[in-house]
Every structure is written in structure tokens, then in C-alpha cells.
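Structure incoming, see below.
Predicted model, so just to flag it, every value in this text is computed and none were measured.
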Amino acid sequence: QEQLVESGGGLVQPGDSLRLSCVASGFTLNDYHIAWFRQVPEKEREGVSCIGTSGGSPYYWDSVKGRFTISRDNAKNTVYLQMNNLKPEDTAVYYCAARQAGQWVLCPRGTVAYDKWGQGTQVTVSS
């Protein structure tokens, strides 16, 4: 069974850091683009970051640029999201997603491009 499982979420205070992990099972991530999205109730899912198969040229949405770092370890079949200087606006359920690279070098930005999704992990930033 092909599966993505996120972990590392929790309740933190503004300014704290968290590292999210996403582990794939049933398939190997080395041939896949990987992305992180987040969603709060009654709002559309929004992009956080994405990374290509080789780990080069990662992309960050403006809301997290300079604070979050995406990375991948294909040997461990895992992708990470290091989140620093967390803000209350970062509160959301965070999802990892994957798609086969196909002919594209850069990771796609839209949710529709990704067909494998994890169950999500809750991140709450509150004082």
C-alpha cells in the first residue's frame, strides 16, 4: 500500500521551532516531486514549499520565505520541513504530497498536480 505519513506537529509558542517529517512507504520518493501544503477550517488549502526530485531549487511561498526550509533524504525515503520563528498565522493542518516527476524539472505549485497525500499533522502556534 502506497502511503505518506506526517509527524512532528504540536502546540508551540510564537517564535518557537518545529520540524515536520513525512515518510513514504510502499513506493520510493526519489522519483517524485514533494510539496507541503497547509489548511485551516473554512479556508482553501495553501502552498508552503515544494522540492524537486534531486533536492535542487526548492520553492517557498511568500508567507514562509526565510523562516521555513524544505529538504529531503531519499535514502531514508523522507522529506522534512524545518519551521523557525513560528507565528500564530502558521496554525494549520500540514500535509505532505507527492507526484511523479514526469518531464518537469521544477516542482509544481498547485494542489491538483499532486495525487498522493498524507493524513496531515496539526501545528498550533499560540501564547
Work out which heavy atom in Asn84 is nearest to a heavy atom in Gln82; give both atom names and the distance.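 Reported closest heavy-atom pair: OD1-NE2, 3.0 Å.
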
The reported gap from CD in Gln3 to SG in Cys22 (rounded to nearest 0.5 angstrom) is 10.0 Å

Honestly curious: do Met83 and Tyr80 fall in one hydrophobic cluster under the side-chain, below-4.5 Å linking rule? no

Mark yes or no: Lys116 above the aromatic ring of Phe27, with NZ or CZ under 6.0 Å from the six-membered ring centre and no more than 45 degrees from the axis. yes

Report the residue from Ile70, Val64, Ile51 that forms a side-chain contact (heavy atoms from CB on, under 4.5 Å) with Trp36. Ile70

Working to the nearest 0.5 Å, report the span between CG of Asp115 and CZ of Arg99.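 If I round to the nearest 0.5 Å, the distance is 7.5 Å.
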
Any idea how Trp117 and Tyr95 line up, ring-wise: parallel (<30°), tilted (30 to 60°), or perpendicular (>60°)? perpendicular

Work out which heavy atom in His33 is nearest to a heavy atom in Thr53; give both atom names and the distance.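 Scanning both residues completely, I find the closest heavy atoms to be ND1-N, 3.7 Å.
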
Nearest 0.5 Å, please: how far is NZ in Lys65 from OH in Tyr59? 6.0 Å

Can you check whether Ile34 reaches Tyr114 side chain to side chain, under 4.5 Å on heavy atoms? no

Answer with yes or no after comparing the ring centroid distance for Phe68 and Trp61 against a 6.0 Å cut-off, counting only values under it. no

Can you check whether Arg19 reaches Leu81 side chain to side chain, under 4.5 Å on heavy atoms?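 No, every pair of side-chain atoms sits at 4.5 Å or beyond.
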
Please check if atom CD in Glu2 has more than 12 non-hydrogen atoms from other residues, nucleotides or ligands closer than 6.0 Å.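 Counting other residues, nucleotides and ligands, CD of Glu2 exceeds 12 neighbours.
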
Write down the atom of Ala24, the atom of Asn77, and the distance for their closest heavy-atom approach.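 The answer is O-ND2, 2.9 Å.
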
